[in-house]
Amino acid sequence: MDFSAFRLLAAGADLSMAPTARADADGIELRMDLADDPLAQLDGYDDALPVLVTNRVAWEGGEAEDTAERLDRLERALEHDAVTAVDLELAALEGDGDHDAGRVVDHAREHGASVVVSTHDFESTPDRPAIVDRLERACEHGDVGKMATTAHSPDDVLAMLGATRELTAAGERVATMCMGEAGRHSRAVAPLYGSRIGYAPVDPAAATAPGQYDLATLRSLIEQLESE
Ligand SMILES: O=C1C[C@@](O)(C(=O)O)C[C@@H](O)[C@@H]1O
């Protein structure tokens, strides 16, 4: 999956969303940890939308246990031609988990897939230097460093947007967003500051994180904000 420009991904657990997502999405994020039989879904998937696979571990806000099998399933997913990117947690790559996720990076490279290295804060938003530091570490491990934090004020969003702009200007590829109601608008504004990836559910009732807009709404907001 090419992240040289902004990509809006339809985020969810069911690849049957693809025909509906096609009008507004550049790709799909398949949340394997939330999905029924994701590998079987991939076996039957023949849509043109490329897929980023995420198997979010429980200690980073997901539903997947921290086992070797979690990483094995990401590797199996990467063997499908439609899967052109994989998401791995920064903490799993820095050795905080029980299993070394580095082997999945190697598998992604063997299959020509991009690596999105993600980190989340479900309680707060650090200050700008701390955001920059964490995103720089994430960028060292993959093609895009991604950070999603929880905003409680406009100052939190400003810190995230400032970090996004600073790192983009320095030549890094980052994807940033602030979760929650106070951070919601960041999902439409961060791409203007250099964020490369947005996530939105086709059905607003199927959000994969707090404060997400539905796919059609987020596409419309971003298009309206983009300068001519
Ligand atoms: O990490 C991210 C970002 C996200 O949490 C969001 O806030 O949109 C949504 C998740 O599905 C994705 O894996």
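Worth knowing before you read on, the calculation uses all heavy atoms, side chains too, and leaves out hydrogens, waters and symmetry mates. Since the structure is predicted, the reported quantities are computational estimates derived from the model, not experimental observations.
- For the pair S114 (side chain) and M1 (backbone), a donor-acceptor distance under 3.5 Å is present.
- Summarising the geometry of Y213 relative to A200, their closest heavy-atom pair is O-CB, 3.3 Å, with the distance given to 0.1 Å.
- In summary, R128 and E166 engage in a salt bridge, as defined by a charged side-chain N under 4.0 Å from a carboxylate O.
- In terms of hydrophobic clustering, with Ile, Leu, Val, Met, Phe, Trp and Tyr side chains grouped at heavy-atom distances under 4.5 Å, V51 and V144 are assigned to different clusters.
- The shortest distance between side-chain heavy atoms of E75 and H111 does not fall below 4.5 Å.
- Look at D143 and R173 and you find no salt bridge, because none of the NZ, NE, NH1 or NH2 atoms lies under 4.0 Å from a carboxylate O.
- In this structure, M17 is a member of the same hydrophobic cluster as L218, with clusters built from ILVMFWY side-chain heavy atoms closer than 4.5 Å.
- Between E63 and R56 there is no salt bridge, since none of the side-chain N atoms of the basic residue sits less than 4.0 Å from a carboxylate O of the acidic one.
- A salt bridge is absent between R70 and D33; no separation between the charged side-chain nitrogens and carboxylate oxygens falls under 4.0 Å.
- Between T149 and P126, some side-chain heavy-atom pair lies under the 4.5 Å cut-off.
- Scanning all heavy atoms of the two residues, the minimum distance from G194 to T168 falls at CA-OG1, 3.5 Å.
- Remark: the T176 side chain and the T164 side chain contain an N/O donor-acceptor pair separated by less than 3.5 Å.
- Here D156 contributes atom CG and T150 contributes atom OG1; the two are 9.0 Å apart, rounded to the nearest 0.5 Å.
- Salt bridge present: R219 and D26 bring a charged side-chain N and a carboxylate O closer than 4.0 Å.
- The line from NZ of K146 to CZ of R134 is 13.0 Å long, rounded to the nearest 0.5 Å.
- Remark: R76 engages E79 in a salt bridge, criterion side-chain N to carboxylate O under 4.0 Å.
- When hydrophobic clusters are built by joining Ile, Leu, Val, Met, Phe, Trp and Tyr residues whose side-chain heavy atoms come closer than 4.5 Å, directly or via intermediates, M177 is not grouped with L8.
- Of all heavy-atom pairs between A77 and V83, the closest is O-CG2, 3.2 Å.
- Heavy atoms only, all atoms of each residue included: R187 and A209 are closest at NH2-CB, 4.1 Å.
- Here the closest non-hydrogen pair linking A18 and Y45 is CB-CE1, 3.9 Å.
- For the pair T54/L30, no side-chain contact is recorded, criterion being any heavy-atom separation below 4.5 Å from C-beta on.
- The two residues L215 and D24 have their closest heavy-atom pair at CG-CB, 3.7 Å.
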